Number of protein chains: 2
Amino acid sequence: MTVSKTSEKSSEKPADTAKVRKDAAEVQGQASGEALQLGELSEQLGYVLKRAQLKVFENFLRCMASLQLTPAQFSVLLLVEKNPGRNQTEIASTLGILRPNFVAMLDNLESRDLCARIRSTNDRRSHILVLTDKGKAVLARAKKLVATKHEARLNELLGQSNREALLGMLSKIANEF
Amino acid sequence: MTVSKTSEKSSEKPADTAKVRKDAAEVQGQASGEALQLGELSEQLGYVLKRAQLKVFENFLRCMASLQLTPAQFSVLLLVEKNPGRNQTEIASTLGILRPNFVAMLDNLESRDLCARIRSTNDRRSHILVLTDKGKAVLARAKKLVATKHEARLNELLGQSNREALLGMLSKIANEF
DNA sequence: TGATAATTGTTATGGACCATATCAAATATC
DNA sequence: GATATTTGATATGGTCCATAACAATTATCA
């Protein structure tokens, strides 16, 4: 196999061997217009999981357009409502949010008068988080939107029992994987 | 209710009303050490879905540590192997990757000699994508790692039939939601 | 008690990922 | 053959995520 000067110019890329070019020549012009085959990709849990998650978030944002709440913001409001009086570190960490990144989130929610930081009397380093009246009202409306537009869509697509089974399996993965 | 000068300094935040401070005073010092209640959060599909996805990706990265392949890179290699001779636009779009963002990804894979861009003879604008021999070998090893370490873990956690049901529901969400 | 360590909220910063506008080269359209 | 479209690429900005560092406050403990 006379390979004339394995590298004519030193600017060639690592993959630029004769073998690859030969392989490529064999598939040149094949499969012009046809749809691509997903192949094993559609069996990869991570792939399907990620795509499903994107779709769900996308739908969530559409349902919440009138309230301008992201999934993360919604989760903060839910958690603060359920656990009033906790500080930023506690709320952030149970949501998997790092404290530095939680600051801007709270700045946003507080500027919209949805929740408030109150200096704790026990530990004057920390801020206690509470929903404002407006925050409670907005969250109530958000819950209704989620239930009627978002989760309802899921039930309609999967059926009640399947939806519950799905949630159970995802919880198991989230907690025990 | 005599509220002495509703706003002493104009620098007060919107949420700084007497009502919120009163509400906060009632929960000060409650629930010091106890664990937080997730409440309705654990029933929110989006929340559980996102957390599960993070766990799965995390595990995937650990399993692939020896090959240094991210989920996205793995999906590219899988798709190029199944569809050799397609161009960047086709591969990227079926993966939901925007063309500009696909360039750096390919630069990476190509610099590691896992795949190659070959100028198409049909349309000299486009690059045909092919796996190199090394790319094929690495992908083969990656598939084995995924099967024995990653997906096996899932089967062990959920059981074979549940794992298939999960995949089916996620596909349905990804495609029909 | 007082010196030292740890914690809380915060800022600054950098990386990874995602999205848009724009460009030159090549091709398609008419 | 003039114009529009497509392809890969660059530049750029936004969002999210992660780490280091800091002042104020609190905990530790010698």
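These numbers were taken from a predicted model, which means no experiment stands behind them. A note on names: the letters A, B, ... follow the listed sequences, proteins ahead of strands, and every chain is numbered from 1.
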Point to revise | Partner of A:Glu81 by salt bridge (Lys or Arg N to Asp or Glu O under 4.0 Å), out of A:Lys143, A:Lys136, A:Arg86 | key: A:Lys143
Output the distance between atom [atom1] ([X]) and atom [atom2] ([Y]), rounded to the nearest 0.5 Å.
X        : Y       : atom1 : atom2 : result
B:Gln68  : B:Leu61 : CD    : CG    : 9.0 Å
B:Arg125 : B:Gln88 : CZ    : CD    : 13.0 Å
A:Leu167 : B:Tyr47 : CG    : OH    : 12.0 Å

Report the distance from atom [atom1] of [X] to atom [atom2] of [N], rounded to the nearest whole Å.
X        : N      : atom1 : atom2 : value
B:Arg51  : D:dC17 : CZ    : P     : 11 Å
A:Leu61  : D:dG14 : CG    : P     : 19 Å
A:Phe57  : D:dC16 : CZ    : C1'   : 12 Å
B:Ile91  : D:dG8  : CD1   : C1'   : 15 Å
A:Arg124 : D:dA23 : CZ    : C1'   : 14 Å

Judged by atom type as modelled, is there a donor-acceptor pair below 3.5 Å linking the side chain of [X] to the main-chain atoms of [Y]?
X        : Y        : value
B:Arg119 : B:Arg124 : yes
A:Gln53  : B:Lys50  : no
A:Ser42  : A:Leu38  : no

Exercise for review: Please list residues of residues 92-103 of chain A whose heavy atoms come under 4.0 Å from any atom in DNA chain D, ordered by number; otherwise none.
Suggested key: A:Leu98, A:Pro100, A:Asn101
Check your understanding: Between B:Leu67 and B:Met105, is there a shared hydrophobic cluster once you connect ILVMFWY residues whose side-chain heavy atoms come closer than 4.5 Å?
Key -> yes
Exercise for review: Kindly work out whether a path of hydrophobic side-chain contacts (I/L/V/M/F/W/Y, heavy atoms less than 4.5 Å apart) joins A:Val80 to B:Leu36.
Suggested key: yes
What's touching nucleotides 5-7 of chain D from the protein side, N or O pairs under 3.5 Å?
{"residue": "D:dT6", "atom": "O4'", "partner": "B:Arg125", "partner atom": "NH1", "Å": "3.3"}
{"residue": "D:dT6", "atom": "O2", "partner": "B:Arg125", "partner atom": "NH1", "Å": "2.8"}

Check your understanding: When you match A:Thr70 and A:Asn122 each to their closest nucleotide on DNA chain D, which lands nearer the 5' end?
Key -> A:Thr70
**Study point:** Outermost DNA chain C nucleotides near chain B [under 4.0 Å, heavy atoms]
**Key:** C:dC18 to C:dT27
**Study point:** Electrostatic pair B:Glu58-B:Arg62, nearest N-O below 4.0 angstrom
**Key:** yes
Review point. Under 3.5 Å, is there a donor-acceptor pair linking the side chains of A:Gln44 and A:Glu40?
Key: no
